[in-house]
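What follows is one structure encoded as structure tokens, with my remarks underneath.
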Amino acid sequence: MIWLIIPIIVLVLLTIGAAIFAVVTKNLLYAVVSTGVISLGLSLFFFILQAPDVALTEAAIGVALTTIIFIITIRNTTQYEGDHKENKIEKGAKS
Amino acid sequence: MIKKVLVILLLAVIGFYLVDLLAQIPFGEKRDNVGDYYLQESVQSLKVANAVTGIVVNFRGFDTLGEVTVLFLAAMGLSSIMYRKKKKGDKDVRAKKPSSRILQVGVQIIFPMVVILGAYVFIHGHLTPGGGFQGGAIIATASLLMLITYRKFKVNHNTISWIESIAGVVFATLGIIGLIKGMSFLENFLPTGELNALLSGGIIAIIYVSVGFKVAAELTGVIDTVLLNNKPDSNNENN
Amino acid sequence: MNQLLTISFYGTSVALILIGLYAVLAKKNLLKIVIGLSIIDGGLHLLFVSIGYISKGTAPIFSPEVVGTNAVMVDPVPQALVLTAIVIGFAVTAVALSLVIRLYRHHNTVSIDEIKNLKW
Amino acid sequence: MVISPVHYIALPLLAAFLIPLLGKINKELVRIVPGLVLLYLSYVSVTLMTQVLQGSPIVEIIAGWSPPWGINLVFSAFSGFLVSLMTILGFLIWVYTYNFKPEESYSQTTKFYTLFMMLITGTIGIVITGDIFNLFVFMEITAISSYSLTAFYRERDGAEAAFKYVLIGSFASFFVLLAIVILYTQVGTLNMADIARKMPDVDPYIKGVILLFFFIGFGIEAEMFPLNGWAPDVYTQAPGPIAAIFSGMVVKAGVYALIRVIFTLFDVPSVLNLLLIMGLLTMVVAEVIAMRQERIKRMLAYSSIGQMGLVLVAFSIGTKDAIFAAIFLMFNHAVIKGLLFLSSTFMVYHSKGKEISEMNGLGKLMPFTAFVFSLGAMAIVGLPPFSGFWSKLYLLMAAADAQLVAVIAIVLVISVIELAYYFRVVHRIYFKERTSVVPIKTPTINAKFTLAVLALVIVVIGVYPDLISGMIEQAAKDLLDKQNYIHYVLSVR
């Protein structure tokens, strides 16, 4: 019965780690992908909490659609946070 | 730098409040609340196997009506914010070279399956986990798959607005029929059949199917609006 | 065992909320702020569902084999409300991102400092 | 079909879903349908209001489940009064905006009128619902409509104001939802009357924290001091009539939710002192900043925040006449501030920066609009012949009864400040030569009709206040009588 706690601990570390990575990383694409990972973690949490409806919603909307909309926004704006050197090159190349 | 310290301080205060509060709420303990009544009623009078669907559509159907409006307004607000007058030089912004052969064949196989899965999820909303929102979102991901893979695939905004409006009108009129029949708004006026049968739950099944269509059309419209709006041209003219 | 479960569920949701708040308040990039908003939403939904959990309860679905056995069931109300809250969170995120795109179109920058010309 | 409160929500939703289809039949229908809906709803509110004033409040259950389990709508004297005010004011503003910007493209006009109607429905929903989570959903409907409408015009920098509003609006939603979560664990139900009944046996510490979260969440919506940075930018960037709706209704719904939580759900009297301090703070800061504003819409926005502070102060005194004065203030503020926003929109229609200096000498060029604007300015300051005077008088009398001398002093000083900066504008309109070269757009016939009706209301209520004071009297009694609210909501079958 006790070994049941191991997957939960792994899940907790995965979710919080992805959240911290999403905030810290400079590359927005990585940040957006880790937002998807957080939603995945949440979906598994909901599964453990005996809430299948919410797990399905979180998987369908949180992981798939939110990540896609973020990525489309990145395509329309810059891919790197702050005035990163790639930003300059990209802006230079563009204008 | 001071800003960061201030933020950390504020977070510490909020965190302390939250932890202190949650410490007094035991986890996993049975609390007497409205949930038991819903569980008991959804079996006896609604004959709906999935109690959560029973709550979302019938007991708290007004929330779902509000919910569908929120999504409708988000789609409308999004396209009004992203609105750009159509100019001649508008080229299709999607990838220039067509996607790889493997992806195209793969999508041909996956697309119908995902659409069927989505349809299954929202048709069996009142029996198995899932429902209108989940099924609609799954179908939206399927259409997204097509949008990304095939450049020729165009989402027809006319049909989307037709599906959206018809599904919304079906939901609202089902509610108003309850009102016309003298009962209250959104009341279940159809016979509810027996538990775990496909046609059980009266208007709940019909409402959730219309919500499924509406959410599928809306999310496809949202994704299409955001995906196909033009990347600012090189001279970055703003309209 | 139960203590550990409490910490893991409540702890994760509080951690997510705080990380999200930090991203919104301390980060300069508009996209990071919107990511922070969606993390806060996620943490809050996790908290909402985990208060409805009843230990050794099953999902509130009356599949044929569960009907007669009056098994202990998890409280369905938070699940129904979180379903609505997730879709609302998605709608607000979509609107916020469309505003970010329009801001980038006007000002060709995604950092909140350069745009903040609307003073107090 | 018998007239019942659910028409306020069901009909606009049906119309909103139908508008894109109707637009395909005839393009003009898109503009007409919201007006018809609001006209019918005004008729509904008149009939329901007469019923409520004689008989007992109307409680309607949804989906056949009685209150603690199902969602119910409450059309009592207090909520009914606000809903009637919103529908009639909404109809008048619709008349004003009939073809406000004719050159807008068809697809944008469809979206404008749908969002316009749903904004009003959202605020009505907040006021009329009897369920706490339903209130959160309607708050989101209002929020999303106002985000999109703030960023509606592309040439203005609406996107900045809208993004700031999204940010702070999401904070408000976060705190409200968090409060609902913790409340659900303690009370186990979502129906407001049921919560009010079970509130006494909730642990006082947790009750305090929940109330604090609600206070912050709804405080943002009601433009309380620390977190109302979003309001001036949103009012400035939003289209003219939408700014009138924001100040007239959206903020009222925020204040209503805050007051409903404080007076009906919770029984914590100490929160009234906090409300008093925050109200005074909001009022003083907003009015002082309003004095230094150079642009007319920002000035009106700050003055609107100041007036909301005054309303919160009136509510926080807590006695029956103070509540009476507060509701009267809300009525006056909605009508007069609506008039000011609507008339000033046409005065600075084509100007880019909407500077006050561009309003010089308009007295001769736009006589009707200038007259109506100055009438509104005098009314809001509280000069005798107009309705604003009575509400301030009742407030001062209520504060005097409660021996709050400091409050009286501050309110009087603030009134003098208001007098100063409003007369600075009126002086410019009549006694300064026209300097700016911006072309003038005189209001269309339907806009003039709305301005005339609003001005008429101010004067008539000013001369003969007990036209509506009876109604407000019952509304005040209904708000304060918590046990009666619990009884008539929970006893409906």
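Since the structure is predicted, the reported quantities are computational estimates derived from the model, not experimental observations. Letters A, B, ... are given to chains in the order of the sequence lines, protein chains preceding strands, and every chain is numbered from 1.
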[X] versus [Y], closest heavy-atom pair with distance:
X        : Y        : value
B:Glu187 : D:Gly64  : OE1-CA, 3.5 Å
B:Val70  : D:Val137 : CG2-O, 4.4 Å
B:Ser161 : D:Lys24  : OG-NZ, 3.6 Å
D:Leu14  : B:Ala172 : CD1-CB, 3.4 Å

Where does [X] contact chain B at under 4.5 Å (heavy atoms): side chain, backbone, both or neither?
X        : value
D:Leu212 : side chain
D:Phe136 : neither
D:Leu73  : side chain
D:Ile9   : side chain
D:Ile141 : both
D:Lys198 : neither
D:Asp203 : side chain
D:Asp131 : side chain
D:Leu178 : side chain

Measuring heavy-atom distances to chain D, does [X] have an atom under 4.5 Å in its side chain, in its backbone, in both, or in neither?
X        : answer
B:Glu164 : neither
B:Arg31  : side chain
B:Leu73  : both
B:Met183 : neither
B:Phe72  : side chain
B:Leu46  : side chain

Has D:Tyr106 got more than 12 heavy atoms of other residues, nucleotides or ligands less than 6.0 Å from its OH? yes
When only pairs under 4.5 Å are counted, which of [options] shares the most heavy-atom pairs with chain D?
options                              : value
B:Ile81, B:Val169, B:Leu18           : B:Val169
B:Thr173, B:Leu186, B:Asp63          : B:Asp63
B:Ser165, B:Gly77, B:Gly178, B:Ser45 : B:Ser165

Donor-acceptor pair, distance only, cut-off 3.5 Å: does the side chain of B:Tyr38 make one with the backbone of D:Trp69? yes
Say whether, by atom type as modelled, one donor and one acceptor occur between the side chain of B:Ser184 and the main chain of D:Ile62 under 3.5 angstrom. no
Using 30° and 60° as the class boundaries, would you call the ring planes of D:Trp65 and B:Phe59 parallel, tilted or perpendicular? tilted
